[in-house]
Participant: 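Below is the structure I would like to discuss, written out as structure tokens.
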Amino acid sequence: MKRNIQHLIYRAVRVAVEKGKLNSPDIPEVEIEEPKFDNQGDFSTNIAMVSASVQKMAPRKIAESIIKYLDDSRNNFEKIEIAGPGFINFFVRPSAWHPVLKQIHEQNTHYGASSIGNGEKIQVEFVSANPTGPLHVGHGRGAAVGDVLANILSFCGYDVQREYYINDSGRQIKTLGQSVFLRYTEMFGSEIQFPENCYQGGYILDIAKDIREKRHNDLLHFKEDDAIFECARFAAKQILEEISQDLKLFGITYDNWFSEQTLYDTGRVNAAIEELKNKRLVYKKDGALWFKTADYGDEKDRVVVRSNGDTTYFASDIAYHQDKFQRNFQRVIDVWGADHHGYIPRMKALMEAYGRQKNQFDVILVQLVNLSRDGEPVAMSTRAGKFVTLKDVINEVGRDAARFIFLTRHHESPLDFDLELAKKQTNDNPVYYVQYVHARISSIIRNGLERGISRIEWNDEAVSRLIEPEEIQLIKTMARYPEVLKNSAELMEPHHITFYLINLASAFHAYYNKHRVLSDEPILTDGRLYLVTAVKKVIHNGLSLLGVSSPEKM
RNA sequence: GCGCCUGUAGCUCAGCUGGAUAGAGCAACGGACUUCUAAUCCGUAGGCCGCAGGUUCGAAUCCUGCCAGGCGUACCA
């Protein structure tokens with residue numbers, strides 16, 4: 001409908017110019033908006049005001065000419081008027097909305113899908129938590145945002161891959177091995193001093209016990225470094241397995257798990273460093289190797305190889321992101337916790353130094369979750385072993401509610417997550433508000449079946465009976481869905497869908513309370529069943545993208 | 001100090017690629033179940049859109065400065 005109006009205006013302008021009513025055929029892009037107030041129509045455009053300076057005419061005069069030559073031979077509009085300083089408001093004839101329903105039924109689970117992605121290969125990397133402890137609530141937010149973003153992009157025609165980057169190399173893994181090994185020796189009677197910088201959580205002890213069960217006291221005979229290495233490998237593998245399970249519980253599966261260690265094992269980190277040298281992007285200073293990131297927008301240069309010969313995390317990240325593009329991804333999206341934002345400039349610098357386009361690499365920052373219980377903040381630290389795991393939260397409040405809460409906020413807005421509140425609010429959590437629509441409509445359809453209505457299909461006479469304001473409102477809202485998705489994909493902001501669904505749910509509940517679907521009139525009943533079935537499809541469609549279930553009964 | 005994010009109703013947040021009268025939910029108050037699921041609906045009340053300037057016909061939205069909170073600012077990861 002929107003695009004239709006756009007075309008009509010372009011054509012009207014052309015004709016008006018031909019007839020000499022407008023001065024210039026150059027008009028800016030026509031933007032069609034949906035006004036907030038009913039008395040301003042269903043759609044409106046500010047084109048007359050925006051082109052006033054080009055046309056050298058008063059906005060209202062321009063609007064008059066456009067309307068005069070606007071071709072509404074399809075009779076879509078009840079009224080087109082000029083309002084305020086020069087807005088053109090379009091009032092759509094109610095029946096002109098009806099074809100939207102047919103579209104929804106025909107496209108079914110693909111309603112709202114688009115091809116704006118053009119089959120482009122795109123990768124979304126998210127969560128990527130270090131395998132040094134279980135996932136906590138904060139990771140859950142990144143998981144929800146990343147997963148849903150991937151869903152949306154896929155729905156919009158991108159060829160999406162989900163990847164988890166495993167930081168299984170470097171110091172934190174060594175610390176993990178050390179922590180486990182200490183607990184292990186402790187079980188054999190060693191007096192130990194457990195260092196503060198080691199991981200304190202109870203899961204470390206569990207892993208140590210598992211090792212004892214498998215290896216008995218073998219490791220005590222190893223050289224300490226080797227024993228720590230063994231522990232690290234064992235622990236990381238086990239923790240990663242649990243992470244994978246937790247994510248599955250949250251409804252997330254990955255296409256690929258990428259190990260940092262393999263970058264070293266296959267020499268790709270060294271190769272990347274060599275390439276940097278060849279491109280003269282690095283230099284030596286104070287015994288370390290520096291990347292000239294400051295030349296590409298970073299505030300200063302960054303170390304790639306330390307003076308002691310160790311590579312930095314940045315080095316493996318360079319190799320990793322090179323590898324992503326070598327795997328032919330045209331676009332790469334990293335979902336990070338907001339505490340890593342300081343890292344973005346150097347990554348952008350890397351991209352620029354390699355001549356990549358700006359839109360080929362994006363970082364989605366997800367603000368951290370402030371966890372509290374009954375208003376009291378809960379400290380979160382993997383190292384100190386104080387955290388509420390994602391698994392606990394899923395078990396407490398449910399997968400659907402947890403996902404929904406994470407997605408009812410802009411990802412860059414900090415999120416207060418109160419455990420008691422989340423549990424208590426289970427019943428008036430917006431997720432149930434939306435799911436309830438699906439359950440209610442399912443129930444109506446079941447009741448219809450009992451009356452012998454098994455066919456729900458387009459019928460001119462039946463659909464033409466849909467003229468109540470609440471019915472038109474519902475259809476209008478559903479007509480917006482494809483655009484919401486496109487917007488969500490382009491801005492990479494999943495929360496728009498959540499808010500849209502709440503909106504649609506509200507329109508449905510209002511309708512439900514005012515009108516009966518299964519009425520005494522068979523024709524009207526057919527039309528309304530056709531309508532609410534469309535609503536059910538859109539709700540299901542949206543909830544699926546959010547990874548939330550659509551219950552038949554509640 | 002510098003950088004990023006945030007600041008909108010009592011609370012939690014939308015709206016921010018400039019538009020007409022500022023939007024939800026929760027909480028408060030008053031109503032609606034003999035009726036397809038009341039996990040619902042209808043209504044009332046609640047606002048210097050952090051502050052001050054600027055750009056514009058028009059600013060919550062863009063620009064500048066300030067204030068407050070969070071985070072970051074390593075030859076850590």
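Heavy-atom basis, side chains included; hydrogens, waters and symmetry copies ignored. Numbered from 1 within each chain, the chains take letters A, B, ... in sequence-line order.
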Participant: Polar pairs (N or O, both sides) under 3.5 Å between protein and nucleotides 16-20 of chain B?
Facilitator:
| residue | atom | partner | partner atom | Å |
| --- | --- | --- | --- | --- |
| B/G19 | N7 | A/Asn46 | ND2 | 3.0 |
| B/A20 | OP2 | A/Lys36 | NZ | 3.1 |
| B/A20 | O2' | A/Gln40 | NE2 | 3.1 |
| B/A20 | N6 | A/Ser44 | OG | 3.0 |
| B/A20 | N6 | A/Asn89 | OD1 | 3.0 |
| B/A20 | N1 | A/Asn89 | OD1 | 3.4 |
| B/A20 | N1 | A/Asn89 | ND2 | 3.2 |

Participant: Report yes if at least one side-chain N or O of A/Tyr436 is closer than 4.0 Å to OP1 or OP2 of B/A39; otherwise report no.
Facilitator: yes
Participant: Could you classify B/C33 for me, syn or anti, using a glycosidic angle within 90° of 0 as syn?
Facilitator: syn
Participant: A/Ala439 or A/Ile502: which one's nearest nucleotide on RNA chain B is closer to the 5' end?
Facilitator: A/Ile502
Participant: Among all residues two or more places apart in sequence or in another chain, which pass the salt bridge (charged side-chain N to carboxylate O under 4.0 Å, His left out) test with A/Lys2?
Facilitator: A/Glu34, A/Glu483
Participant: Closest approach to the side chain of A/Gln367, judged atom by atom: which nucleotide of B/C71, B/C5, B/C36 is it?
Facilitator: B/C5
Participant: For nucleotides 10-12 of chain B, tabulate all protein N/O to nucleotide N/O atom pairs closer than 3.5 Å, reporting atom names and distance.
Facilitator:
| residue | atom | partner | partner atom | Å |
| --- | --- | --- | --- | --- |
| B/U12 | O2' | A/Arg409 | NH2 | 2.0 |

Participant: Wobble G-U and Watson-Crick pairs count when both distances are under 3.5 Å; given that, what is the 5' to 3' dot-bracket string of RNA chain B, with | for pairing to other strands?
Facilitator: (((((((..((((.....[...)))).(((((.......))))).....(((((..]....))))))))))))....
Participant: Once you apply a heavy-atom cut-off of 4.0 Å, does A/Tyr512 come out as touching a base, just sugar-phosphate, or nothing?
Facilitator: base
Participant: Where do N or O atoms of nucleotides 1-4 of chain B meet protein N or O atoms at under 3.5 Å, pair by pair?
Facilitator:
| residue | atom | partner | partner atom | Å |
| --- | --- | --- | --- | --- |
| B/G3 | N2 | A/His341 | NE2 | 2.4 |

Participant: Identify the pairs formed between an N or O of the protein and an N or O of nucleotides 75-77 of chain B at a distance under 3.5 Å, and give each distance.
Facilitator:
| residue | atom | partner | partner atom | Å |
| --- | --- | --- | --- | --- |
| B/C75 | O2 | A/Ser307 | N | 2.7 |
| B/C75 | O2 | A/Ser307 | OG | 2.8 |
| B/C75 | N3 | A/Ser307 | OG | 3.2 |
| B/C75 | N4 | A/Asp286 | O | 2.9 |
| B/C76 | OP1 | A/Arg306 | NH1 | 3.3 |
| B/C76 | OP2 | A/Arg306 | NE | 2.6 |
| B/C76 | OP2 | A/Arg306 | NH1 | 2.5 |
| B/C76 | O2' | A/Arg171 | NH2 | 2.9 |
| B/A77 | OP2 | A/Tyr313 | N | 3.1 |
| B/A77 | O3' | A/Gln172 | OE1 | 2.7 |
| B/A77 | O2' | A/Gln172 | OE1 | 3.2 |

Participant: What are the two closest non-hydrogen atoms of A/Thr477 and A/Tyr500, and how far apart are they?
Facilitator: O-OH, 2.7 Å
Participant: Side chain of A/Asp339, base of B/U73: donor and acceptor closer than 3.5 Å?
Facilitator: no
